**Q** 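I am attaching a structure below and will ask some questions about it afterwards.
All of these numbers come straight from a predicted model, not from anything done at the bench. Every chain is numbered from 1, with letters handed out A, B, ... down the list of sequences.
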Amino acid sequence: MFYDWVFKGLRKGVVSTAYPYNEQELPNYRGLPAVGPGSCPDGCRECEQACLPGAVQVRDATPVIDTALCLFCGECQSVCPRGRITLTNAFETAITSRQTTAAKVVPRDGRLFAKSLYIRHVDAACCGACLRETASLNNPFYDVSRLGIFFTASPRHADVLLVTGPVSWGMRDPLREAYEAMPGPKFVVAAGACAAGGGPFGQPATVGGVDVVMPVDVYIPGCPPHPLALIDGLRLLGGRARKEV
Amino acid sequence: MSGTRKIPERLDKVLAQVKNLVQVISHRTGEWQLDLEAGALPPVAAHLAESLGGNLAALFPEPGQHLHAVLPAVEEKAYLHLRGRLAPGTRDLPALDRHFPAAARYRRILEARHGLAPVGPSVSRLEGSGVFQFPLGPVRGDYNEAAGIVIDTVGEHILRLTPTLGYKHRGLEDRAAGLTPKAALLLAERAAGTQSVAHALAYCQALERLAGVTVPPRAAVLRVVLAEMERLYGHLLDISLMVGAAGHTVGAAQLDQLKELFLRLNLSHFGHRYLFGTLVPGGVRTDLPREAAASLRTAVTRQGAEWRRLFTMVLGTPGIIDRWETTGIVDYTDAWDLAAVGPVGRASGVDRDVRRDHPYAAYGEFVPAVPHFRDGDALARFRVRAAEIDASLALVGEALARLPQGPARADVPAVWPAGEALGWSEAPQGETLHWVRVGEEGKIAAYRIRSASFANWDLFGPAAADGNILTDFPLIDTSFNLCCADCDR
């Protein structure tokens, strides 16, 4: 039986993706919403009203989308009378600040982690989808250890705290304790619409996004973010990516 | 709404015995609503359960108004929805604990939600020499959900295991109040990310039953396909975790690959890896073109062949099977008394499956095979899941081959009519019940979820403590694979 498993693995060969060293496309993925040119009808707030988490705001007759909070449900697209909002397949959407949509390299102590990055994942009340996508990073298809990224069981060994889920009141203190237990220099990654933007539950039912509790270095939008989107976000850390938007 | 449906003879006879206390308000397909004084609820529920052979399925409190109890009437393929009227101004609820052991957990959650019980382990210390207490969580190792688990051990033996939930309470049910039914669907499918179809389906069906909307045949069959695709990746994930917990990382990686392939099929055919946004009240949101249906069928058949090869290999690996056998036993009496659902219940001989017992979508036409075992150990739970994967593969193939033509969505009212209804579905983890009340202006007035995991958490502690050692804990944990998100909501 032992040999069966060995041969099974050998026969399958290498299944890991080459990403981020090649281009990847996700044809049916509901990704970054794009706002087309033109202007909205006077006083039209259809998209704003249709958005459950409140990620869309109409400013100067143009919808402005907070990608960190977006659930990628496509409601705004379906109600827009002029068809200005379309969901694209773009998944490389990680950002380092919620004020701008620009992704830039994290300068702080970046090079220290260029070849080895240890992650501690904390579930701050996520529904389970972001958690499973995070776990998928270790499956043979995405296999992040080929990039020198590893998951660790203890915050004491971690460089990065990867948080999924809106921070519930019950998880606020445990999350803070996990952060405090980490040695510096340390990073925080908020993955998924709940952790990055607060999600559809909002305050006061939950505390809000992770940045309410602690400083966040990288926000990864998505509900849930695709494993490739997570890889893209982690690449922003440690000076691995020279990314300009 | 079929308001004129005749009450089946057996139920009529049983109800006649309590006719002074109970008033039948409505009987829609599969759901009978009965009205009574809350004080009469415990004895009447006990009488009905005994005569109809069911156990308490759910208890939804609506403080200040009603206490709703849900009982299945298996033979009639229906749920009895008992609405206990509370006296005005009172906050006391009648206790059903004496009649139903399963009622205790609903009282606990009620106290926690409305009296704000403390979050965090508050477990007494066991006295004795050599007793050691392991506090686990809420931040647990690997990728586990946040839950507090306190394990008391003597040497290697687990003496007691106490789970503490509530860390992940997101206020989902309260957030839904005041939203339109369409907006609240986004919350329903996020109750548990890996059971989103089951939750969305139960929610949509409650609304459809309320408004008397009939789902077109094509949508009903597509809903079966969606629900079974979810079951397939869900069970493969569970089995992969179980194999991993038994220490066989190679096997776990192989099964994980198969699960990933199913997730990719979901993405390429339905636009989302976890099938969010595939359902709407009245039908399905994304129709499946003919070529896509054909390619999905081919792909599922191919992955099915791979699954059967892996299944044979797992069964032939003593290192895995020996760890599962006699680990974490749940006996039939416990499973029945505490109203266990899903694979956990079926592994202990509770032969219940909502798809067969209360058919919804197109399950009346595509009847699934329901495997059940009596051993109640981790191996039995594996066997249930494995047999269900086989059944799901067959169902998906059959449903895709006989996909009716026509629209995939029915018209729904722009403003939802006021009323209340129950919706149900069989999630990968078991029976899922949603109860929705729509108030003025078609907005959700009250919403309650009874998830599958919620019904099974009570069994976890006793199963883990029963002669198991500490290193068995991951095996028992993964073989139950309880979800905290939809439990805490």
**Q** Of all of Gly277(B), Ser240(B), Gly171(B), Ala146(B), which one pairs up most often with chain A through heavy atoms under 4.5 Å apart?
**A**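 With the most close heavy-atom pairs to chain A, the winner is Ala146(B).
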
**Q** Is any side-chain heavy atom of Arg190(B) closer than 4.5 Å to one of Cys223(A)?
**A**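 Yes, close enough: below the 4.5 Å cut-off.
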
**Q** For chain A, find which of Leu237(B), Asp174(B), Leu310(B), Leu179(B) contributes the most heavy-atom pairs closer than 4.5 angstrom.
**A**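 When all of Leu237(B), Asp174(B), Leu310(B), Leu179(B) are compared, Leu237(B) has the most.
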
**Q** Between Asp486(B) and chain A, with a heavy-atom cut-off of 4.5 Å, which part of the residue counts as in contact: side chain, backbone, both or neither?
**A**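 For Asp486(B), neither part sits under 4.5 Å from chain A.
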
**Q** Within the structure provided, determine whether Glu189(B) and Cys73(A) are in side-chain contact (heavy-atom separation under 4.5 Å).
**A**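 Side-chain contact under 4.5 Å: no.
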
**Q** Centre of Phe141(A)'s six-membered ring, under 6.0 Å away, within 45 degrees of the axis: is that where NZ or CZ of Arg264(B) sits?
**A**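 The answer is yes; both the distance and angle limits are met.
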
**Q** How many angstroms lie between OH in Tyr167(B) and CG in Leu175(A), if you round to the nearest 0.5 Å?
**A**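 Nearest 0.5 Å value for the OH-CG distance: 13.5 Å.
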
**Q** Under a 4.5 Å heavy-atom cut-off, does chain B meet the side chain of Val15(A), its backbone, both or neither?
**A**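 Contact with chain B involves the side chain of Val15(A) alone.
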
**Q** Could you pull out the closest heavy-atom pair between Ala129(A) and Phe276(B), with the gap in Å?
**A**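 Looking at all heavy atoms of both residues, the closest pair is CB-CZ, 4.0 Å.
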
**Q** Is it the case that over 12 heavy atoms from other parts of the model lie below 6.0 angstrom from the CZ atom of Arg156(A)?
**A**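 At most 12 heavy atoms, drawn from other residues, nucleotides or ligands, come within 6.0 Å of this atom.
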
**Q** Which bit of Leu185(B) is near chain A, if near means a heavy-atom gap under 4.5 Å: side chain, backbone, both or neither?
**A**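 No part of it gets close to chain A.
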
**Q** Not counting sequence neighbours, which residues clear side chain to side chain contact (heavy atoms under 4.5 Å, CB included) with Pro221(A)? List them please.
**A**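 In terms of side chain to side chain contact (heavy atoms under 4.5 Å, CB included), with neighbours along the sequence ignored, Pro221(A) is linked to Thr67(A), Phe72(A), Thr93(A).
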
**Q** Based on non-hydrogen pairs under 4.5 Å, which of Gly128(A), Pro227(A), Pro140(A), Gly165(A) is most in contact with chain B?
**A**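 Of Gly128(A), Pro227(A), Pro140(A), Gly165(A), Pro140(A) has the most heavy-atom pairs under 4.5 Å with chain B.
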
**Q** Under a 4.5 Å heavy-atom cut-off, does chain A meet the side chain of Arg140(B), its backbone, both or neither?
**A**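 When you check distances to chain A, only backbone atoms of Arg140(B) fall under 4.5 Å.
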
**Q** At a heavy-atom distance under 4.5 Å, which candidate from Gln195(B), Lys182(B), His248(B), Arg285(B) has the highest pair count against chain A?
**A**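 Most heavy-atom pairs under 4.5 Å with chain A: His248(B).
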
**Q** Of the non-hydrogen atoms in Asn144(B) and Leu131(A), which two are nearest, and what is the gap between them?
**A**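 Asn144(B) and Leu131(A) have their closest heavy atoms at O-CD1, 3.9 Å.
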
**Q** Is it true that atom CD of Gln24(A) has more than 12 heavy atoms of other residues, nucleotides or ligands lying nearer than 6.0 Å?
**A**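 Check passes, neighbour count above 12.
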
**Q** What pairs with Tyr274(B) under ring-ring contact (aromatic ring centres under 6.0 Å, His included), at least two apart in sequence or on another chain?
**A**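 Per chain and number, Tyr274(B) pairs via ring-ring contact (aromatic ring centres under 6.0 Å, His included) with Tyr233(B).
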
**Q** Could you tell me which non-hydrogen atom of Pro200(A) sits nearest to which non-hydrogen atom of Arg175(B), and how far apart they are?
**A**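 Shortest heavy-atom contact: O-NE, 2.8 Å.
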
**Q** Mind checking salt bridge (Lys or Arg N to Asp or Glu O under 4.0 Å) for Asp123(A) and listing every partner two or more places apart, or none if nothing turns up?
**A**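 Partners of Asp123(A) by the salt bridge (Lys or Arg N to Asp or Glu O under 4.0 Å) criterion, ordered by chain and then number, come out as Lys168(B).
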
**Q** Return the option, out of Phe151(A), Trp169(A), Tyr142(A), with the maximum number of heavy-atom pairs under 4.5 Å with chain B.
**A**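 Highest number of pairs under 4.5 Å: Tyr142(A).
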
**Q** Between the side chains of Glu306(B) and Lys12(A), is the shortest nitrogen-to-carboxylate-oxygen separation below 4.0 Å, so that they form an ion pair?
**A**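 Salt bridge between Lys12(A) and Glu306(B), a charged N being under 4.0 Å from a carboxylate O: yes.
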
**Q** Do Val139(B) and Arg120(A) come within less than 4.5 Å of each other through their side chains, counting heavy atoms only?
**A**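 Yes, their side chains come closer than 4.5 Å.
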
**Q** A side-chain contact here means heavy atoms from C-beta on lying under 4.5 Å apart; do Cys126(A) and Arg170(B) qualify?
**A**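 A side-chain contact under 4.5 Å is absent here.
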
**Q** Could you tell me whether the side chain of Trp5(A) reaches within less than 4.5 Å of the side chain of Met313(B), counting heavy atoms only?
**A**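 Side-chain contact under 4.5 Å: yes.
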
**Q** Look up atom OG1 in Thr249(B) and atom CG in Asn138(A), then write down how far apart they are to the nearest 0.5 Å.
**A**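 Going from the OG1 atom of Thr249(B) to the CG atom of Asn138(A) covers 12.0 Å.
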
**Q** Heavy-atom cut-off 4.5 Å, strictly under: side chain, backbone, both or neither for Glu177(A) against chain B?
**A**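 Contact with chain B is absent: no heavy atom of Glu177(A) under 4.5 Å.
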
**Q** Show the numbers, then the answer: is there a side chain to side chain contact (heavy atoms under 4.5 Å, CB included) between Arg273(B) and Ser136(A)?
**A** CA-CA 12 Å; Arg273(B) 279 160 67 88; Ser136(A) 288; 4.1 Å; yes

**Q** Go through Thr194(B), Thr180(B), Leu186(B) and name the one with the most non-hydrogen pairs under 4.5 angstrom from chain A.
**A**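 The residue among Thr194(B), Thr180(B), Leu186(B) with the greatest pair count is Leu186(B).
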
**Q** Counting only heavy atoms closer than 4.5 Å, note whether Phe201(A) contacts chain B via side chain, backbone, both or neither.
**A**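 Its backbone and side chain both get close to chain B.
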
**Q** Write out, in numerical order, the residues from residues 250-260 of chain B with a heavy atom short of 4.5 Å from a heavy atom in chain A.
**A**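 Result: Val250(B), Gly251(B), Ala253(B), Gln254(B), Asp256(B), Gln257(B), Lys259(B), Glu260(B).
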
**Q** Side chain, backbone, both or neither: which part of Pro204(A) has an atom under 4.5 Å from a heavy atom of chain B?
**A**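 Neither part, no heavy atoms under 4.5 Å.
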
**Q** Distance-only, no hydrogens or angles: does the Asn28(A) side chain make a donor-acceptor pair with backbone N or O of Ser268(B) under 3.5 Å?
**A**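 Side chain of Asn28(A) to backbone of Ser268(B): a pair is present.
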
**Q** Using the side chain to side chain contact (heavy atoms under 4.5 Å, CB included) rule, take His226(A) and Leu267(B) through it: C-alpha gap first, then chi angles, then the decisive distance, then the call.
**A** CA-CA 10 Å; His226(A) 193 278; Leu267(B) 177 63; 4.3 Å; yes

**Q** Which one wins on heavy-atom pair count under 4.5 Å against chain B: His121(A), Arg30(A), Arg172(A)?
**A**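 Of the candidates given, the most pairs with chain B belong to Arg30(A).
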
